[in-house]
Number of protein chains: 2
Amino acid sequence: MITPELLEKYGAVKKSFDKNEIIFEEGIFPSNYYQILSGEVKMSNYNDDGREFIQGIFYKNQSFGEPPLFLNQKYPANAIAVEDSEIFLLPKVNFIKMLEENPKISIKIIENLAQRLYYKSVMAAEISTQEPEHRVLKLIDHGIAYFNFQKDKNGYLINFTRQQIGDLTGLRVETVIRTIKALEKKGELKIINRKVYR
Amino acid sequence: MITPELLEKYGAVKKSFDKNEIIFEEGIFPSNYYQILSGEVKMSNYNDDGREFIQGIFYKNQSFGEPPLFLNQKYPANAIAVEDSEIFLLPKVNFIKMLEENPKISIKIIENLAQRLYYKSVMAAEISTQEPEHRVLKLIDHGIAYFNFQKDKNGYLINFTRQQIGDLTGLRVETVIRTIKALEKKGELKIINRKVYR
DNA sequence: CTTGTTTTATGATTTAAGTCATAAAATACA
DNA sequence: TGTATTTTATGACTTAAATCATAAAACAAG
């Protein structure tokens, strides 16, 4: 997260996106650095028959879409507002200038990329070798540490829909629903009027 | 890739690893920066029943295992020498000092992490939504761009075993063998005495 | 408040990839 | 050079998750 003051000093502008509005699309070349001021954004892919895979979900103060910006490559996925969102856009040249003039920002960027790489490593191994219950629990436990799940008397509220869990783990909704029920039966999590707690 | 001179200036030491020797293990805390001088290294996970998932394969001049080093987190996977290898080890404190004193290195690190994140994004979407033929072709095409595949009169030689392709794509050997045959039949690749070309 | 949409839910059925068994060819190695 | 191990290969069979169908509950929007 880069402070709004610094972003604005280098010419970042605020832009509003409606719920479900596309922020950028797979296949286009990046021209901005994006950082969320408010709202929620997902990055995802759609395969040929419309099946979605969610690469990640991002919240307030988080940035997204940097890798292709640094590599001059096309975006490998779409960015879509999950809620009405306000986002800082900083043009690439200004962003690079900011990095050059503020070496400490580089360290922040590195830590951020490292964190995302870590998540992807863990989930990649899960998705390709583990069974549904393991995958879902791993996602949830990661979410408790890194997404903004709130804790109350029932435990952490997992505020993902079953569909989202499926799209993040490579499972179908029905499988997620059945898996969550099985995990409840085993005492790994609680379902209180359809909401999932851990 | 950081030049050997700079690495040595900050106290990096060369270490030899035999084929199949473990360089570091999942679950331990990082204490070094690793960069390959010669040889080949894989990072991989093993699930409960011994099934392997290869996170990535690294060659001469490439570094690996940085994310947990920056995050002070445990390694999420094992690093193993695929061939006899010589590797530079630079202790963490020296590495951090080197970064602070050489801001341009940060940019290189960022680009490297960005590249790996890009690969993981692409493969994650493949593994969770695409069928075997699509997955295998994507891996191969990525490999042509980023692994050291050599081109000859038959095309690019894909110097991965069927098992490795399986462990990189989350498929079983038999499935990979059948998939490669199907792809050959469709003219997507060639098999010349058991070697795969594209 | 009513209506339309999304989310959760469950049962029956299908299927693609995994598993198991077995073996030949190639390669490593001692 | 001979033996052991790894890699590629194929057929038969099993199975876990996907698919399909259908619906109730919850939520959102006008």
Side-chain angles (χ1 to χ4, degrees), chain A residues 18-20 40 42 47-54 80-84 126-137 139 157-185 189-197, chain B residues 18-21 40 42 47-54 80-84 126-137 139-140 157-185 189-197:
Chain A
D18 293 334
K19 182 175 176 176
N20 296 324
E40 187 179 336
K42 71 174 172 184
N47 78 353
D48 302 331
D49 32 67
R51 184 166 176 192
E52 184 175 13
F53 174 72
I54 300 178
I80 297 166
V82 177
E83 302 292 342
D84 290 355
E126 283 293 316
I127 288 171
S128 52
T129 68
Q130 303 288 8
E131 40 191 51
E133 292 187 16
H134 204 281
R135 284 196 224 182
V136 168
L137 267 192
L139 175 76
L157 169 63
I158 311 308
N159 63 341
F160 281 155
T161 65
R162 315 292 198 260
Q163 183 65 62
Q164 284 178 320
I165 293 174
D167 293 342
L168 283 158
T169 55
L171 299 167
R172 310 253 72 172
V173 215
E174 298 95 323
T175 305
V176 173
I177 289 167
R178 287 166 185 142
T179 301
I180 286 178
K181 298 237 149 141
L183 286 168
E184 189 203 19
K185 198 164 279 176
L189 31 84
K190 278 177 268 186
I191 304 177
I192 298 164
N193 60 29
R194 298 176 158 215
K195 292 191 196 318
V196 179
Y197 293 87
Chain B
D18 292 335
K19 181 175 177 175
N20 295 325
E21 192 178 342
E40 187 179 337
K42 71 175 172 185
N47 78 353
D48 302 331
D49 32 68
R51 184 167 177 193
E52 184 176 12
F53 174 72
I54 301 177
I80 298 166
V82 177
E83 300 293 341
D84 291 354
E126 283 293 316
I127 288 172
S128 51
T129 67
Q130 302 287 8
E131 38 191 51
E133 292 187 16
H134 204 282
R135 285 196 223 181
V136 169
L137 268 192
L139 175 77
I140 287 174
L157 169 63
I158 311 308
N159 62 341
F160 283 154
T161 65
R162 315 295 197 256
Q163 183 65 62
Q164 284 178 319
I165 293 174
D167 293 343
L168 283 159
T169 55
L171 298 167
R172 311 253 68 171
V173 215
E174 299 95 322
T175 305
V176 173
I177 289 168
R178 288 166 184 141
T179 301
I180 286 178
K181 298 238 149 143
L183 286 168
E184 188 203 20
K185 198 164 279 178
L189 30 84
K190 277 176 269 186
I191 304 177
I192 298 165
N193 60 30
R194 298 178 157 214
K195 293 191 195 321
V196 179
Y197 293 87

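Letters go in sequence order (proteins before strands), and every chain restarts at 1.
- When the side-chain hydrogen bond (donor to acceptor under 3.5 Å, both in side chains) test is applied to A:Q130, no partner is found at least two apart in sequence or on another chain.
- Within the structure, every pair that satisfies the side chain to side chain donor-acceptor pair (under 3.5 Å) test and touches residues 165-176 of chain B, not counting sequence neighbours, is listed here: B:Q163-B:D167.
- Residues forming a salt bridge (Lys or Arg N to Asp or Glu O under 4.0 Å) with B:E126 (at least two apart in sequence, or on another chain): none.
- Chain B approaches DNA chain D within less than 4.0 angstrom (heavy atoms of the protein), and the contacting nucleotides run 5' to 3' from D:dT7 to D:dA12.
- Taking atom CG on B:D167 and atom P on C:dA17, their separation rounds to 17 Å, with Å as the unit.
- Axis angle, first five pairs versus last five pairs of the helix from C:dC1-D:dG30 to C:dA30-D:dT1: 70°, rounded to 10°.
- In this view, B:T129 and A:N47, A:R51, A:F53 satisfy the side chain to side chain contact (heavy atoms under 4.5 Å, CB included) rule, not counting sequence neighbours.
- Annotation: side chain to side chain contact (heavy atoms under 4.5 Å, CB included) contacts of B:D18 (sequence neighbours excluded): B:E21, B:D84.
- Where B:Q163 and A:R51 each meet DNA chain D at their nearest nucleotide, the meeting point lying more 5' is that of B:Q163.
- Using a 4.0 Å heavy-atom distance criterion, B:G170 is classed as a sugar-phosphate-only contact.
- Atom CZ of B:R162 and atom P of C:dA17 are 18 Å apart (whole Å).
- Distance check: B:I180 CD1 to B:R194 CZ gives 12.5 Å after rounding to the nearest 0.5 Å.
- With DNA chain C read from its 5' end, the first of the two nearest nucleotides for B:E131 and B:R194 is the one closest to B:E131.
- We find that CG of A:N20 is positioned 14 Å from P of C:dT5, with the value rounded to whole Å.
- Going from atom CG of A:D49 over to atom C1' of C:dA16 covers 14 Å, rounded to whole Å.
- For B:Y197, there are no ring-ring contact (aromatic ring centres under 6.0 Å, His included) partners at least two apart in sequence or on another chain.
- Take A:E184 and apply the salt bridge (Lys or Arg N to Asp or Glu O under 4.0 Å) test, not counting sequence neighbours, and it matches no residue.
- One atom, NZ of B:K195, and another, P of C:dA26, lie 10 Å apart when rounded to the nearest Å.
- Atom CD in B:E52 sits 8.5 Å away from atom CG in B:L168 (nearest 0.5 Å).
- Residues meeting the side chain to side chain contact (heavy atoms under 4.5 Å, CB included) test with B:Q164, sequence neighbours left out: B:I54, B:I57, B:V82, B:F160, B:T161.
- Partners of A:E133 by salt bridge (Lys or Arg N to Asp or Glu O under 4.0 Å), not counting sequence neighbours, listed by chain and number: A:K186.
- Contacts of residues 172-181 of chain B with DNA chain D (heavy atom under 4.0 Å): B:E174, B:I177, B:R178, B:K181.
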